[in-house]
Amino acid sequence: MSADISRPGPESRQAALFALPPAEAARALIGWTLTVDGVGGVVVETEAYHHEDPASHSFPGPTPRNAVMFGPPGRAYVYRSYGIHWCLNVVCEPEGVANAVLIRALEPTHGLEAMRARRGVADDRLLCAGPGRLCQALAVTRDHDGLPLDAPPFALVERGEEPEVVATTRIGITKAADRPWRYLVAGSPYVSRGPRRG
DNA sequence: CAGTGGATGCTCT
DNA sequence: GAGCATCCACTGT
């Protein structure tokens, strides 16, 4: 069995996604399906963190914590937030400058029972509505820091139809808080906050 | 529904 | 020792 390398496959589609500048990648990532060991759902909320953005972890320069951000695109940058939660980012091109997209919320579609057990909440809208909740539901920890998102245990599958995407300001930051680099699916009940119309 | 504060651990100065 | 790219429980309307 030989693969047809002249035809764009899933790998190159993902590479094209990671090759975008962070704001465009953050918007383009909406609607893709992300899973970890088969558990996850559709990305409905992201935020872009540009290397020249004071709110980005990479802004002060390379440190042991943010080292993965300065590496190849398409990898997971996982950090601990407020001593309690984990948060998951995707590293974007160009390699070396440390751009990233924070994945803030999923619409749960795969492994609902596993997510409910890990989260301990009755309301499915709260399973993955926020970066910390998302990582708890998918069991993402520091062990995943630096792993490629197009290989197990991760899987990233392209969206079928283009969702309606809305841009707003980012959540929970104090620096450069006015930049409209948060993207979400219009009207989704699964985003971390904002209009849920549902 | 809005506002407040505590939990908790790691990173960097 | 300060400051977090958060979440939850609790308060008061």
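Throughout, protein chains are lettered first and strands after them, A, B, ... in sequence-line order, and every chain is numbered starting at 1.
Atom-to-atom, CD1 of A:I171 to P of C:dC4 comes out at 16 Å; the value is rounded to the nearest Å. For the pair A:R133 CZ and C:dA9 P, the interatomic distance rounds to 10 Å; values are reported in whole Å. Atom pair A:W86:CH2 and C:dC4:C1' shows a separation of 15 Å (rounding to whole Å applied). In this structure, the CG atom of A:D123 is 15 Å from the C1' atom of C:dC7, given to the nearest Å. A straight line from CG of A:L126 to P of C:dA9 spans 11 Å, rounded to a whole angstrom. The separation between A:E45 atom CD and C:dC7 atom P is 9 Å, rounded to whole Å. Atom-to-atom, OH of A:Y183 to C1' of C:dA5 comes out at 16 Å; the value is rounded to the nearest Å. Spacing between atom CD of A:Q136 and atom P of C:dT6 amounts to 15 Å, rounded to whole angstrom units.
Among the atoms of the strands shown, none is found under 4.0 Å from any heavy atom of A:P60. A:R104 comes within 4.0 angstrom of sugar-phosphate atoms only, judged by non-hydrogen atoms across all strands, and of no base. Residue contacts for A:G83: at a heavy-atom cut-off of 4.0 Å it reaches a base atom on one of the strands shown.
Among the nucleotides C:dC4, B:dT11, C:dT6, the one closest to any side-chain atom of A:T174 is C:dC4. For A:R80, whose side chain is taken as the heavy atoms from C-beta onward, the closest listed nucleotide among C:dT6, B:dG9, C:dA5 is B:dG9. Of the candidates B:dC10, C:dA5, C:dC7, the closest approach to any side-chain atom of A:N89 belongs to C:dA5.
For A:F59 and A:H50, the ring centers sit 6.0 Å or farther from each other. You'll find the ring centres of A:H57 and A:Y49 outside the 6.0 Å limit.
Along DNA chain C, the nucleotide closest to A:Y79 and the one closest to A:R119 are compared, and the more 5′ of them pairs with A:Y79. The residue among A:I84 and A:R142 whose nearest nucleotide of DNA chain B is located toward the 5' end is A:I84.
A sub-4.0 Å separation between OP1 or OP2 of C:dA5 and a side-chain N or O of A:H57 is present.
In a base pair of the Watson-Crick type (N1 to N3 plus N6-O4 or O6-N4) or a G-U wobble (N1-O2 and O6-N3), with each distance short of 3.5 Å, B:dT8 is matched with no nucleotide.
Atom-to-atom distance recorded for A:L102:CG and A:W181:CH2 is 14.0 Å, nearest 0.5 angstrom.
Side chains of A:Q136 and A:R118: no donor on one and acceptor on the other come within 3.5 Å.
Between A:R116 and A:E113, at least one side-chain N (NZ, or NE/NH1/NH2) sits under 4.0 Å from a carboxylate O, which counts as a salt bridge.
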